[in-house]
Amino acid sequence: MVKIAPSILSADFARFGEEIRAIDAAGCDYVHVDVMDGHFVPNMTFGAPIIEKLRPHTAKPFDVHLMIDPAQPYLEEYAKAGADIITVHAEADKHLDRSLQVIRSLGKKAGVSLNPATPESVLAYVLDKVDLILVMSVNPGFGGQSFIPAQLEKIRRIREMIGDRPIELEVDGGVNVDTIADVVAAGADVLVAGSAVFKGDDYAKTIGDLRTAAKG
Ligand code: DX5
Ligand code: ZN
(Lines give C-alpha, C1' and ligand atoms only; values in the text may rest on other atoms or scores of the structure.)
(Ligands and ions follow the chains in the order given, each with its own letter.)
Protein backbone atom coordinates (compact mmCIF):
# COMPACT_ATOMS: atom_id res chain seq x y z
CA MET A 1 0.00 0.00 0.00
CA VAL A 2 1.26 3.45 -0.90
CA LYS A 3 1.81 6.19 1.66
CA ILE A 4 -0.02 9.50 1.37
CA ALA A 5 1.78 12.62 2.59
CA PRO A 6 -0.44 15.73 2.52
CA SER A 7 1.61 18.87 2.00
CA ILE A 8 0.68 21.48 4.58
CA LEU A 9 1.79 24.16 2.11
CA SER A 10 -1.87 24.16 1.04
CA ALA A 11 -3.28 24.17 4.59
CA ASP A 12 -4.80 27.23 6.23
CA PHE A 13 -1.75 28.68 8.00
CA ALA A 14 -4.00 30.59 10.43
CA ARG A 15 -5.40 27.25 11.68
CA PHE A 16 -2.21 25.24 11.38
CA GLY A 17 -2.52 22.98 14.45
CA GLU A 18 -6.14 22.17 13.68
CA GLU A 19 -5.30 21.37 10.04
CA ILE A 20 -2.57 18.94 11.11
CA ARG A 21 -4.91 17.19 13.55
CA ALA A 22 -7.46 16.93 10.74
CA ILE A 23 -5.11 15.22 8.23
CA ASP A 24 -3.92 12.92 11.01
CA ALA A 25 -7.53 11.92 11.79
CA ALA A 26 -8.16 11.57 8.03
CA GLY A 27 -5.54 8.81 7.86
CA CYS A 28 -2.46 10.41 6.32
CA ASP A 29 0.81 8.47 6.60
CA TYR A 30 3.27 11.36 6.73
CA VAL A 31 2.87 15.11 7.19
CA HIS A 32 4.81 16.73 4.32
CA VAL A 33 6.36 19.99 5.50
CA ASP A 34 7.61 22.38 2.79
CA VAL A 35 10.31 24.78 3.95
CA MET A 36 11.10 27.52 1.39
CA ASP A 37 13.66 30.29 1.65
CA GLY A 38 12.81 32.74 -1.16
CA HIS A 39 16.27 32.06 -2.61
CA PHE A 40 16.45 28.42 -3.72
CA VAL A 41 12.78 28.72 -4.70
CA PRO A 42 10.79 31.88 -5.49
CA ASN A 43 8.57 31.63 -2.40
CA MET A 44 8.92 31.63 1.39
CA THR A 45 7.04 29.56 3.94
CA PHE A 46 8.21 28.92 7.49
CA GLY A 47 11.13 27.47 9.40
CA ALA A 48 12.06 25.34 12.38
CA PRO A 49 10.33 27.41 15.13
CA ILE A 50 6.94 26.82 13.51
CA ILE A 51 7.65 23.12 12.98
CA GLU A 52 8.50 22.85 16.68
CA LYS A 53 5.11 24.38 17.56
CA LEU A 54 3.30 22.00 15.17
CA ARG A 55 5.07 18.90 16.50
CA PRO A 56 2.72 18.23 19.48
CA HIS A 57 -0.34 18.18 17.21
CA THR A 58 0.36 14.74 15.71
CA ALA A 59 2.46 11.64 16.24
CA LYS A 60 2.67 11.01 12.47
CA PRO A 61 6.14 11.36 10.94
CA PHE A 62 7.13 14.85 9.81
CA ASP A 63 8.54 14.58 6.28
CA VAL A 64 10.47 17.84 6.03
CA HIS A 65 11.31 18.98 2.48
CA LEU A 66 14.01 21.64 2.69
CA MET A 67 13.93 23.93 -0.34
CA ILE A 68 16.71 26.06 1.10
CA ASP A 69 20.24 26.87 -0.03
CA PRO A 70 22.37 26.15 1.90
CA ALA A 71 20.67 23.45 3.98
CA GLN A 72 23.64 21.97 5.81
CA PRO A 73 23.99 24.70 8.50
CA TYR A 74 20.33 24.18 9.52
CA LEU A 75 20.04 20.38 9.64
CA GLU A 76 20.46 20.14 13.40
CA GLU A 77 17.83 22.83 13.95
CA TYR A 78 15.26 20.89 11.90
CA ALA A 79 16.14 17.64 13.65
CA LYS A 80 15.60 19.30 17.04
CA ALA A 81 12.32 20.87 15.86
CA GLY A 82 10.88 17.37 15.34
CA ALA A 83 11.56 16.31 11.76
CA ASP A 84 11.60 12.55 11.20
CA ILE A 85 12.72 12.63 7.58
CA ILE A 86 14.92 15.50 6.40
CA THR A 87 15.20 15.93 2.63
CA VAL A 88 17.73 18.22 0.99
CA HIS A 89 17.93 19.20 -2.67
CA ALA A 90 20.85 17.84 -4.69
CA GLU A 91 20.99 21.20 -6.53
CA ALA A 92 21.33 23.17 -3.28
CA ASP A 93 24.15 21.16 -1.84
CA LYS A 94 27.80 21.13 -2.90
CA HIS A 95 28.43 18.36 -0.39
CA LEU A 96 25.40 16.12 -0.64
CA ASP A 97 27.23 13.09 0.69
CA ARG A 98 28.17 14.95 3.86
CA SER A 99 24.67 16.36 4.41
CA LEU A 100 23.19 12.87 4.20
CA GLN A 101 25.70 11.62 6.76
CA VAL A 102 24.88 14.54 9.07
CA ILE A 103 21.14 13.84 8.85
CA ARG A 104 21.65 10.18 9.78
CA SER A 105 24.05 11.11 12.57
CA LEU A 106 21.24 13.24 14.02
CA GLY A 107 19.12 10.05 14.17
CA LYS A 108 16.85 11.06 11.28
CA LYS A 109 16.02 9.53 7.92
CA ALA A 110 17.97 11.16 5.09
CA GLY A 111 16.25 12.23 1.87
CA VAL A 112 17.48 13.68 -1.44
CA SER A 113 15.23 15.64 -3.76
CA LEU A 114 15.74 16.27 -7.48
CA ASN A 115 14.23 19.13 -9.45
CA PRO A 116 12.55 18.21 -12.75
CA ALA A 117 15.65 19.01 -14.85
CA THR A 118 18.09 17.15 -12.61
CA PRO A 119 19.07 13.69 -13.87
CA GLU A 120 18.89 10.64 -11.61
CA SER A 121 22.65 10.07 -12.10
CA VAL A 122 23.40 12.40 -9.14
CA LEU A 123 22.10 9.61 -6.89
CA ALA A 124 24.51 6.94 -8.10
CA TYR A 125 27.18 7.32 -5.42
CA VAL A 126 24.99 8.14 -2.40
CA LEU A 127 22.46 5.30 -2.56
CA ASP A 128 23.94 3.69 0.55
CA LYS A 129 23.37 6.90 2.54
CA VAL A 130 19.78 7.60 1.49
CA ASP A 131 16.49 6.55 3.09
CA LEU A 132 14.18 8.46 0.74
CA ILE A 133 14.39 9.90 -2.78
CA LEU A 134 11.98 12.72 -3.59
CA VAL A 135 11.28 13.34 -7.28
CA MET A 136 9.86 16.81 -7.93
CA SER A 137 7.20 16.50 -10.60
CA VAL A 138 6.73 20.29 -10.71
CA ASN A 139 9.27 23.08 -10.35
CA PRO A 140 9.32 23.63 -6.57
CA GLY A 141 7.94 26.77 -4.98
CA PHE A 142 4.20 26.59 -5.29
CA GLY A 143 1.27 24.26 -4.81
CA GLY A 144 -1.38 23.66 -7.44
CA GLN A 145 0.88 23.24 -10.51
CA SER A 146 0.45 20.60 -13.21
CA PHE A 147 2.33 17.30 -13.12
CA ILE A 148 5.26 17.15 -15.58
CA PRO A 149 4.83 13.83 -17.46
CA ALA A 150 8.55 13.52 -18.35
CA GLN A 151 9.18 12.74 -14.68
CA LEU A 152 7.52 9.33 -15.07
CA GLU A 153 10.57 8.04 -16.92
CA LYS A 154 12.85 9.36 -14.17
CA ILE A 155 10.70 7.65 -11.52
CA ARG A 156 11.01 4.34 -13.42
CA ARG A 157 14.78 4.69 -13.71
CA ILE A 158 15.19 5.52 -10.02
CA ARG A 159 12.99 2.55 -9.04
CA GLU A 160 15.44 0.37 -10.98
CA MET A 161 18.47 2.01 -9.35
CA ILE A 162 16.97 1.39 -5.89
CA GLY A 163 16.68 -2.35 -6.52
CA ASP A 164 16.12 -4.09 -3.20
CA ARG A 165 17.54 -1.30 -1.04
CA PRO A 166 15.20 -0.05 1.72
CA ILE A 167 14.72 3.37 0.09
CA GLU A 168 11.33 5.06 -0.26
CA LEU A 169 10.54 6.76 -3.58
CA GLU A 170 8.39 9.83 -3.06
CA VAL A 171 6.85 12.04 -5.75
CA ASP A 172 5.83 15.65 -5.11
CA GLY A 173 3.84 18.02 -7.31
CA GLY A 174 0.62 17.76 -9.26
CA VAL A 175 -0.37 14.43 -7.70
CA ASN A 176 -4.16 13.99 -7.70
CA VAL A 177 -6.76 11.33 -8.53
CA ASP A 178 -6.04 11.76 -12.25
CA THR A 179 -2.24 11.42 -12.08
CA ILE A 180 -1.59 9.13 -9.10
CA ALA A 181 -2.07 5.78 -10.89
CA ASP A 182 0.67 6.51 -13.46
CA VAL A 183 3.02 7.73 -10.74
CA VAL A 184 2.53 4.57 -8.68
CA ALA A 185 2.80 2.34 -11.76
CA ALA A 186 6.15 4.02 -12.50
CA GLY A 187 7.41 2.96 -9.07
CA ALA A 188 6.55 5.62 -6.47
CA ASP A 189 5.49 4.47 -3.02
CA VAL A 190 5.06 7.78 -1.17
CA LEU A 191 2.79 10.41 -2.74
CA VAL A 192 2.73 14.04 -1.71
CA ALA A 193 -0.58 15.82 -2.29
CA GLY A 194 -1.09 19.43 -1.35
CA SER A 195 -3.90 21.15 -3.20
CA ALA A 196 -5.60 17.81 -3.96
CA VAL A 197 -6.12 17.20 -0.23
CA PHE A 198 -6.72 20.68 1.12
CA LYS A 199 -8.98 22.05 -1.61
CA GLY A 200 -11.97 20.08 -0.29
CA ASP A 201 -13.45 19.87 3.21
CA ASP A 202 -13.51 16.09 3.65
CA TYR A 203 -9.84 15.17 3.96
CA ALA A 204 -10.60 11.52 4.82
CA LYS A 205 -12.64 11.08 1.64
CA THR A 206 -9.93 12.68 -0.49
CA ILE A 207 -7.17 10.55 1.01
CA GLY A 208 -9.37 7.46 0.49
CA ASP A 209 -10.04 8.47 -3.13
CA LEU A 210 -6.29 8.89 -3.71
CA ARG A 211 -5.58 5.42 -2.30
CA THR A 212 -8.28 3.92 -4.53
CA ALA A 213 -7.07 5.78 -7.63
CA ALA A 214 -3.48 4.70 -6.87
CA LYS A 215 -4.48 1.10 -7.52
CA GLY A 216 -5.15 2.08 -11.16
C1 DX5 B 1 6.14 22.41 -4.15
C2 DX5 B 1 6.06 21.61 -2.88
C3 DX5 B 1 4.96 20.64 -2.87
C4 DX5 B 1 3.60 21.25 -3.05
C5 DX5 B 1 2.78 20.27 -3.84
O6 DX5 B 1 7.29 23.16 -4.15
O7 DX5 B 1 7.25 20.91 -2.63
O8 DX5 B 1 5.00 19.81 -1.72
O9 DX5 B 1 2.94 21.54 -1.88
O10 DX5 B 1 1.55 20.86 -4.10
P11 DX5 B 1 0.50 20.20 -5.07
O12 DX5 B 1 0.19 18.82 -4.52
O13 DX5 B 1 -0.66 21.13 -4.99
O14 DX5 B 1 1.11 20.14 -6.43
ZN1 ZN C 1 7.34 19.29 -1.02
Side-chain angles (χ1 to χ4, degrees), residues 2-13 16 19-20 22-23 26 28-48 50-51 54 60-69 71 74 78 83-93 103 109-118 131-152 154-155 168-184 188-201 203 206-207 209-211 213-214:
V2 298
K3 289 181 178 160
I4 303 290
S7 163
I8 57 171
L9 178 64
S10 294
D12 179 350
F13 285 11
F16 232 164
E19 291 272 71
I20 284 178
I23 52 169
C28 73
D29 296 291
Y30 293 162
V31 176
H32 186 80
V33 181
D34 286 310
V35 177
M36 302 184 184
D37 66 354
H39 164 70
F40 179 65
V41 289
N43 193 11
M44 284 192 248
T45 54
F46 46 77
I50 295 209
I51 296 173
L54 296 176
K60 300 269 167 88
F62 271 7
D63 166 29
V64 175
H65 178 192
L66 294 180
M67 286 161 275
I68 64 175
D69 180 6
Y74 304 101
Y78 284 95
D84 297 282
I85 303 162
I86 301 179
T87 297
V88 294
H89 265 266
E91 307 84 2
D93 206 323
I103 296 168
K109 288 192 172 171
V112 187
S113 184
L114 308 185
N115 281 335
T118 304
D131 301 296
L132 177 142
I133 295 165
L134 173 54
V135 173
M136 286 309 304
S137 42
V138 297
N139 288 289
F142 305 96
Q145 304 180 79
S146 298
F147 184 85
I148 300 171
Q151 298 308 305
L152 289 170
K154 194 199 287 183
I155 297 163
E168 293 194 299
L169 179 48
E170 182 173 39
V171 174
D172 184 2
V175 174
N176 54 42
V177 289
D178 298 322
T179 56
I180 195 167
D182 287 344
V183 178
V184 171
D189 51 14
V190 183
L191 292 311
V192 177
S195 52
V197 169
F198 286 98
K199 72 172 185 231
D201 293 328
Y203 301 161
T206 311
I207 290 172
D209 289 348
L210 285 168
R211 290 194 200 282

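We count ligands from 1, going down the list as the structure has it; atoms in each ligand are counted the same way. A quick note: this is a predicted structure, and the numbers were derived from the prediction, not measured.
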Could you walk me through whether Phe46 and Phe16 satisfy the ring pair (Phe, Tyr, Trp, His ring centres under 6.0 Å) test, starting with their C-alpha distance in whole Å, then the side-chain angles of each, then the deciding distance to 0.1 Å, before giving a yes or no?
CA-CA 12 Å; Phe46 46 77; Phe16 232 164; 5.5 Å; yes
Asp178 meets the side chain to side chain donor-acceptor pair (under 3.5 Å) criterion, sequence neighbours left out, with none
query: Where the side chain of Glu170 meets the backbone of Ala188, is there a donor-acceptor pair that is under 3.5 Å apart?
result: no
Under 4.0 Å between a side-chain nitrogen and a carboxylate oxygen: does that hold for Lys3 and Asp63? no
Phe198 meets the ring-ring contact (aromatic ring centres under 6.0 Å, His included) criterion, sequence neighbours left out, with Tyr203
Sorted by chain and number, protein N/O/S atoms nearer to the Zn ion (ligand 2) than 2.8 Å are His32 NE2, Asp34 OD1, His65 ND1, Asp172 OD2
ask   = Between the side chain of Asp37 and the main-chain N/O of His39, is any donor-acceptor distance below 3.5 Å?
value = yes
Parallel, tilted or perpendicular, as decided by the 30° and 60° cut-offs, for the rings of His89 and His65:
parallel
Are any side-chain N or O atoms of Lys109 and backbone N or O atoms of Ile86, one a donor and one an acceptor, separated by less than 3.5 Å?
-> no
Using heavy atoms and a strict 4.0 Å limit, residues surrounding ligand 1 turn out to be Ser7, Leu9, His32, Asp34, Met36, His65, Met67, Met136, Pro140, Gly141, Phe142, Gly143, Gly144, Asp172, Gly173, Gly174, Val192, Ala193, Gly194, Ser195
With a 4.5 Å heavy-atom cut-off, do Val135 and Asp172 have their side chains touching? no
